[in-house]
Amino acid sequence: MTVRVRIAPSPTGNLHIGTARTALFNWLYARRHGGTFILRIEDTDRERSREEYVQNILTGLQWLGLNFDEGPFFQTQRLSQYQAAVETLLARGLAYLCYCSEAELEALRQSQRAQKLAPRYDNRHRHLTPEQRAAYEAEGRRPVVRFRIEEPREVVWHDLVRGEIRWQTQDLGGDMVIARIEADGAIGLPLYNFAVVVDDLEMGITQVVRGEDHIANTAKQILLYEAFGATPPAFGHLPLILNAQGAKISKRDGATSVDEFRQMGFLPQAFTNYMVLLGWSPPDGQELFAIEQAAQQFDFDRVNKAGARFDWDKLDWINGQYLRVLPPADLLAAILPFWQAAGLADDDGPWLLDLVTLLGPGLTRLTAAVAAVYFADTVTFEDEALAIARDHRHLLADFAQVLAAANPQRVEDADALLKSFAKEQGVKKGALMRPLRCGLMGSLHGPDLLQSLMLLHRKGKAIPRLQGIPA
RNA sequence: GCCCCCAUCGUCUAGAGGCCUAGGACACAUCCCUUUCACGGAUGCGACACGGGUUCGAAUCCCGUUGGGGGUACCA
């Protein structure tokens with residue numbers, strides 16, 4: 001059977017890293033088996049769904065390179081299908097109208113809690129007489145549609161990543177609400193567990209792969225498949241991404257939306273590479289690979305069952321690895337938006353390319369910070385660097401003169417110039433480097449000094465800097 | 001509370017009963033390279049949660065304990 005998998009985010013927030021990883025694993029599986037990857041937007045929560053989040057999800061998936069083959073489908077555009085499905089269950093006597101009020105249900109839960117029982121719906125409206133129903137209607141109560149959950153019973157499925165999972169229907173919380181009823185009596189918005197089943201069924205989904213937080217839903221959904229007389233798809237539940245404290249990652253943990261990771265300067269290739277590693281490893285133990293490469297080997301039997309903590313250090317390392325092997329032109333293209341956002345601009349292409357080549361090996365993230373000093377007109381000094389530059393301001397001014405006279409164009413020329421200058425001054429070249437770096441860059445550490453010098457000199461910035469050390 | 005899932009270095013993981021003196025990666029430490037910081041290279045530190053079984057033999061299988069996580073909606 002052809003593989004058809006999907007990712008079904010709800011647009012109640014920006015594309016979340018957990019959703020992105022689930023999308024990635026589904027994508028990998030689809031690619032591995034030449035299957036179809038489908039995007040479905042689950043927007044039935046009208047209170048919280050927003051159009052801008054839909055856009056964020058779309059652009060986020062695109063940035064990650066997780067292109068989908070079908071969709072996006074929107075649940076709010078499929079209401080008639082859900083209505084028909086509800087009618088079917090109603091007609092078969094597998095679903096019924098429940099008139100309980102919010103207050104009544106709350107009271108029920110409270111008394112259950114008081115008795116140390118698991119809160120659940122007690123199926124009290126499962127067998128209402130026509131008279132009772134009429135009475136509630138006369139009261140003006142608006143019902144909901146509940147699906148009958150047979151008890152006791154055991155639901156078993158073979159999870160793609162966990163193996164056999166068993167669930168007692170008594171632990172499902174009673175007959176579940178599958179849809180609301182409108183004021184005019186029409187069938188209204190479906191609820192999550194119901195809409196998912198209708199959609200997955202109709203879209204011919206063969207493997208439902210989602211986060212571990214959906215395990216309890218799976219039992220309910222299997223019951224629904226049965227009610228429709230359908231064979232359930234295979235299910236797979238991925239471990240969650242945890243924060244440093246070991247809890248499900250959330251806002252407050254630095255970053256959770258894919259967009260934030262982009263803004264922090266991570267490359268999509270590096271980010272997806274890292275996410276794959278969070279729960280899966282290739283048979284050959286390789287750590288750096290493109291997702292296209294991973295797709296050739298991916299399978300759920302190598303997916304870990306335990307949750308994985310998010311590790312910034314490793315993400316940074318991987319990002320650095322990608323940055324290092326990126327051709328200068330690509331690196332420049334990637335980093336330019338960050339520079340521009342920081343107000344660092346120059347239309348000298350070759351110079352920019354040389355700058356990026358110099359900076360590349362030292363970067364862990366795309367950032368404007370280390371580049372700023374090359375663009376600046378005036379140097380921002382660190383305290384210690386300023387002190388050293390001051391102590392050598394005459395020396396640096398002298399060097400500025402020879403620099404002006406010799407006007408070196410290549411690093412080798414600058415190196416020779418520095419050597420002869422050192423000899424002239426009767427100091428070792430090494431002793432010159434530190435003050436020079438301080439005066440030129442305003443800091444004790446940084447990228448290669450000679451190359452930095454040439455980059456600045458080409459822009460006419462080296463000489464004024466060396467002559468203008470603050471007294 | 002109840003239900004479900006999980007458990008190898010600090011972190012991500014390899015490990016399908018003997019190949020395990022438990023391997024790799026990140027982080028950390030030291031050294032080398034180097035004008036500095038990075039990068040790179042080398043070395044080191046560092047784990048099978050605990051207790052019972054099963055077996056000639058268990059990180060691997062079973063049970064329990066503990067710990068962690070998830071769920072428990074007219075959210076998704």
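Excluded from the calculations below are hydrogen atoms, water molecules and symmetry mates; all remaining heavy atoms, backbone and side chain alike, are included. It should be emphasised that the depicted structure is a prediction, and the values quoted were computed from it without experimental measurement.
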Revision key, fill the gap. Closest to the side chain of A:R302, out of B:G1, B:G15, B:U35, is B:G15
Check your understanding: When we call it a touch if two heavy atoms are under 4.0 Å apart, what does A:V177 touch: a base, just sugar-phosphate, or nothing?
Key -> sugar-phosphate
Check your understanding: Which nucleotide in the set B:C74, B:U36, B:G71 lies at the smallest distance from any side-chain heavy atom of A:R437?
Key -> B:U36
Check your understanding: Counting side-chain heavy atoms from CB outward, which of B:C2, B:A27, B:C5 is closest to A:A118?
Key -> B:C2
Review point. Within the side chain of A:D253, is there an N or O that forms a donor-acceptor pair under 3.5 Å with the backbone of A:F310?
Key: no
Check your understanding: Looking across every strand, which nucleic acid part, if any, lies under 4.0 Å from A:L240 by heavy atom: base, sugar-phosphate, or nothing?
Key -> sugar-phosphate
Review point. Would you say A:R309 reaches B:G68's phosphate, i.e. side-chain N/O to OP1/OP2 under 4.0 Å?
Key: no
Review point. Using purine N1 to pyrimidine N3 plus N6-O4 or O6-N4 for Watson-Crick, or N1-O2 and O6-N3 for G-U wobble, each under 3.5 Å, what pairs with B:G1?
Key: B:U72
Practice item. Under a 3.5 Å limit for both distances, which nucleotide forms a Watson-Crick or G-U wobble pair with B:G64, could you say? Key: B:C50
Point to revise | A:P119, nearest nucleotide to its side chain (from B:C5, B:U11, B:A73) | key: B:A73
Check your understanding: With rounding to whole Å, what would you report as the distance between B:C50 and B:C28 at their P atoms?
Key -> 28 Å
Review point. Reckon A:G279 touches a base, only the sugar-phosphate, or nothing at all at heavy-atom distances under 4.0 Å?
Key: sugar-phosphate
**Study point:** Touch class at under 4.0 angstrom, heavy-atom based, for A:D448 against every strand present
**Key:** base
Practice item. Would you kindly give the NZ-to-P distance between A:K428 and B:U36, to the nearest whole Å? Key: 13 Å
**Study point:** Pairing partner (Watson-Crick or G-U wobble, both distances under 3.5 angstrom) of B:G44
**Key:** B:C28
Practice item. Round to the nearest Å and state the distance from A:Q451 atom CD to B:U35 atom P. Key: 13 Å
Review point. Within the structure shown, what part of the strands sits under 4.0 Å from A:H214 by heavy-atom distance: base, sugar-phosphate, or nothing?
Key: base
Revision key, fill the gap. Closest of B:C2, B:A76, B:A14 to the A:S281 side chain is B:A14
Exercise for review: Output yes when A:E104 and A:R109 qualify as a salt bridge under the 4.0 Å nitrogen-oxygen rule, no when they do not.
Suggested key: no
Practice item. Tell me which nucleotide among B:A27, B:C74, B:G71 gets nearest to the side chain of A:D313. Key: B:A27
Exercise for review: Using the P atoms only, state how far B:U60 lies from B:A7, rounded to an integer number of Å.
Suggested key: 12 Å
**Study point:** Residue whose closest nucleotide on RNA chain B lies nearer the 5' end, A:D311 versus A:K305
**Key:** A:K305
Exercise for review: For the side chain of A:L278, starting at C-beta, report the closest nucleotide among B:C12, B:C26, B:C74.
Suggested key: B:C12
**Study point:** Nearest-Å distance for atom pair CD/C1', residues A:Q245 and B:G68
**Key:** 13 Å
**Study point:** Main-chain N/O of A:V209 paired to A:N26 side chain as donor or acceptor, under 3.5 Å
**Key:** yes
Review point. A:L315 has an atom CG; how far is it from atom P of B:U11, in whole Å?
Key: 17 Å
Practice item. Establish whether the base of B:C75 is bridged to the side chain of A:R48 by a donor-acceptor pair shorter than 3.5 Å. Key: yes
Check your understanding: Roughly how far apart, to the nearest Å, are B:A47 and B:A22 at atom C1'?
Key -> 9 Å
Point to revise | Closest to the A:I215 side chain, choosing from B:U36, B:A7, B:C5 | key: B:C5
**Study point:** Short side-chain donor-acceptor distance under 3.5 Å, A:T218 and A:H237
**Key:** yes
Revision key, fill the gap. Closest to the side chain of A:W317, out of B:G70, B:C74, B:A27, is B:A27
Point to revise | Value in whole Å for how far the C1' atom of B:A73 lies from CG of A:L172 | key: 13 Å
Point to revise | Value in whole Å for how far the C1' atom of B:U11 lies from CD1 of A:I241 | key: 14 Å
Check your understanding: Can you check whether A:Q321 has a side-chain N or O nearer than 4.0 Å to OP1 or OP2 of B:G40?
Key -> yes
Check your understanding: Reckon A:A216 touches a base, only the sugar-phosphate, or nothing at all at heavy-atom distances under 4.0 Å?
Key -> sugar-phosphate
Point to revise | OP1 or OP2 of B:A38 under 4.0 Å from side-chain N/O of A:T364 | key: no
Point to revise | Between A:F68 and A:F37, ring centroids under 6.0 Å | key: no
Review point. With A:D122, which of A:H125, A:R126, A:R124 fulfils side chain to side chain donor-acceptor pair (under 3.5 Å)?
Key: A:R124
Revision key, fill the gap. Rounded to whole Å, CG of A:D171 lies from P of B:G71 at a distance of 16 Å
Check your understanding: If we take the C1' atom in both B:A58 and B:A16, what is their distance in whole Å?
Key -> 13 Å
Review point. When you compare B:C20 with B:C33, how far apart are their C1' atoms, in angstrom units rounded to a whole number?
Key: 35 Å
Check your understanding: So what does A:K429 hit on the nucleic acid, given a heavy-atom distance under 4.0 Å: a base, only sugar-phosphate, or nothing?
Key -> nothing
Exercise for review: Please assess A:W339 against A:F375 for the test ring-ring contact (aromatic ring centres under 6.0 Å, His included), listing each intermediate value before the final yes or no.
Suggested key: CA-CA 10 Å; A:W339 286 356; A:F375 290 87; 5.3 Å; yes
Review point. With a non-hydrogen cut-off below 4.0 angstrom, is A:C100 in contact with a base, only sugar-phosphate, or nothing?
Key: base
Review point. Separation of A:M441 atom CE from B:A38 atom P, in whole Å?
Key: 16 Å
Check your understanding: Touch check for A:G246, heavy atoms < 4.0 angstrom, all strands: base, sugar-phosphate only, or nothing?
Key -> sugar-phosphate
Point to revise | Donor + acceptor pair across side chains of A:N273, A:Y322 (<3.5 Å) | key: yes
Review point. Any donor-acceptor pair under 3.5 Å joining the side chain of A:N217 to the base of B:A76?
Key: yes
Check your understanding: Between atom CD of A:E182 and atom CD of A:Q83, what is the distance when rounded to the nearest 0.5 Å?
Key -> 8.0 Å
Revision key, fill the gap. Scanning all shown strands, the Watson-Crick or wobble mate of B:C37 with both distances under 3.5 Å is none
Revision key, fill the gap. As its Watson-Crick or G-U partner within any shown strand, both distances under 3.5 Å, B:U55 has none
Check your understanding: Which part of the nucleic acid does A:R166 contact within heavy-atom distance under 4.0 Å: base, sugar-phosphate only, or nothing?
Key -> sugar-phosphate
Point to revise | P gap between B:C45 and B:U30, integer Å | key: 15 Å
Practice item. Would you indicate what A:R120 reaches in the nucleic acid, counting non-hydrogen atoms under 4.0 angstrom: base, sugar-phosphate, or nothing? Key: nothing
Review point. Looking at B:G24, does its base get a donor-acceptor pair with the side chain of A:E287 below 3.5 Å?
Key: yes
Review point. Using a cut-off of less than 4.0 Å, is there contact between a side-chain N or O of A:K220 and OP1 or OP2 of B:U72?
Key: no
Exercise for review: I would like to know whether A:N14 and A:N56 meet side chain to side chain donor-acceptor pair (under 3.5 Å); could you show each step before the answer?
Suggested key: CA-CA 6 Å; A:N14 288 328; A:N56 182 277; 3.2 Å; yes
Check your understanding: Taking the P atom of each, how far is B:G17 from B:A27, in whole Å?
Key -> 34 Å
**Study point:** Gap in Å between the two C1' atoms, one belonging to B:U8 and one to B:G67, rounded
**Key:** 15 Å
Practice item. Select one nucleotide: of B:A73, B:G24, B:C5, the one nearest the side-chain heavy atoms of A:R109. Key: B:A73
